[in-house]
There are 2 protein chains.
Amino acid sequence: MPASKTTSTRRAAVIKALAHPSRLLIAEALMDGEMCVCDLKDLVGADLSTVSKHLSLMRDAGVLNSEKRGLNIYYSLACACLGDFLRCVDQLAPAKGKCTSKGCC
Amino acid sequence: MPASKTTSTRRAAVIKALAHPSRLLIAEALMDGEMCVCDLKDLVGADLSTVSKHLSLMRDAGVLNSEKRGLNIYYSLACACLGDFLRCVDQLAPAKGKCTSKGCC
DNA sequence: ACTTTACTTGGTGGTTTCGCCAAGTATCAA
DNA sequence: TTGATACTTGGCGAAACCACCAAGTAAAGT
């Protein structure tokens, strides 16, 4: 069945939440487990408010969950499937050449 | 191993190429096989120049291939992995609720 | 109550993206 | 070679995005 326009729009909103270097870096880091905002700030190296806005955006898109414990707010991946997602991305943007890795295309 | 900033930037560039409703719609349509620009124009419902620019962007990002045959230029997916990619996206943005489908999370 | 720490929200200016129109290129047919 | 079709490229205004600063909120310690 062909995808409808509304389906594509909904999916694109999720993809957009990952389509920024800092946001993707955050998501990749969270694959190893939850982190608080201050740790992610150090990772990204941007202003705290900037990181916070990235995190809110990703949470609103459904990519992240957040939980407050004491003074800290811990963010975690909403879904463990990010690895498959990135495997596809890396096939599309190989370091060199075109889809030469095993099992690709 | 943790992802580096340059890795995230390279990946984000690919993801960005799919992070737009019209571009994603195009990619989804091409899962069923190649199409020429004029067919994709009808699918998207935008100006021909707009569609052409979306296609160029996706090709430059490595998502699409293009081949000229006669007057037409046929675009096709560069990688068959898009299905896995979208499966993950749909888990992140379920129509309702949170990751309730089988095999998710 | 006051301070500190951790984070969010509002605002702002600079950059990027987006979609259309107009003009250009390339291929094929007559 | 003239014309038609298929697509690309340049340019422009409108909208969205991004990163910082400043100010606000919330929990915990003193």
**Item:** Sugar-phosphate only, base, or nothing, as touched by Leu71(A) at under 4.0 Å among non-hydrogen atoms
**Value:** base
**Message:** In this structure, how many angstroms lie between the P atom of dT17(C) and the CE atom of Met58(B), rounded?
**Reply:** 15 Å
**Request:** Using the six-membered ring wherever Trp is involved, compare the ring planes of His54(A) and His20(A) and label them parallel, tilted or perpendicular (cut-offs 30° and 60°).
**Result:** tilted
**Fill in**
Ranking Lys53(A) and Asp47(B) by the position along DNA chain D of their nearest nucleotide, the one closer to 5' is Asp47(B)
**Item:** Val63(B) vs Leu82(B) side-chain heavy atoms within contact, under 4.5 Å
**Value:** no
**Message:** Quick check: do Arg10(A) and Thr7(A) have side-chain heavy atoms less than 4.5 Å from each other?
**Reply:** yes
**Request:** Tell me what Arg69(A) touches on the nucleic acid: a base, only sugar-phosphate, or nothing, going by heavy atoms under 4.0 Å.
**Result:** nothing
**Request:** Find the distance Lys68(A):NZ to dA6(C):P and express it as a whole number of Å.
**Result:** 12 Å
**Complete:** The nucleotide from dC18(D), dT9(C), dT8(D) with an atom nearest the side chain of Val37(B) is dT8(D)
**Message:** What is the distance, to the nearest angstrom, from the CG atom on Asp42(B) to the P atom on dC7(D)?
**Reply:** 10 Å
**Request:** Return the value, rounded to whole Å, for the distance between atom CD of Glu34(A) and atom P of dC7(C).
**Result:** 12 Å
**Request:** Could you check whether Tyr74(A) gets within reach of a base, just the sugar-phosphate, or nothing at all, counting any heavy atom under 4.0 Å?
**Result:** nothing
**Item:** Minimum-distance nucleotide to Tyr75(B) side chain [options: dA28(D), dT8(D), dC20(C)]
**Value:** dT8(D)
**Asked** So, is the end of the Arg69(A) side chain (NZ or CZ) under 6.0 Å from the ring centre of Tyr74(A) and within 45° of the ring's axis?
**Response** yes
**Prompt:** If you check every side-chain atom of Ser56(A), which of dC18(C), dT9(C), dC7(D) has the closest atom?
**Reply:** dT9(C)
**Request:** Taking atom types as modelled, find out whether Glu28(B) and Ser8(A) have a side-chain donor-acceptor pair closer than 3.5 angstrom.
**Result:** yes
**Request:** Using whole Å, report how far CG of Asp60(A) lies from C1' of dT8(C).
**Result:** 12 Å
**Request:** Using whole Å, report how far CG of Leu48(A) lies from P of dG10(C).
**Result:** 16 Å
**Prompt:** 5'-most contact on DNA chain C: Gly45(B) or Leu55(A), nearest heavy atom basis?
**Reply:** Leu55(A)
**Asked** For Arg59(B) and dC7(D), what is the distance between atoms CZ and P respectively, to the nearest whole Å?
**Response** 13 Å
**Asked** Taking N and O atoms by type only, does the side chain of Ser49(B) place a donor or acceptor under 3.5 Å from a partner on the base of dC7(D)?
**Response** no
**Request:** Report yes if at least one side-chain N or O of Thr50(A) is closer than 4.0 Å to OP1 or OP2 of dA19(D); otherwise report no.
**Result:** no
**Short side-chain N/O contact from Asn72(B) to OP1 or OP2 of dC7(D), under 4.0 Å** = yes
**Prompt:** Does His54(A) place a side-chain N or O at less than 4.0 Å from the phosphate oxygens OP1/OP2 of dC17(D)?
**Reply:** no
**Nearest-angstrom distance from the residue atom CD1 of Ile26(A) to P of dC7(C)** = 12 Å
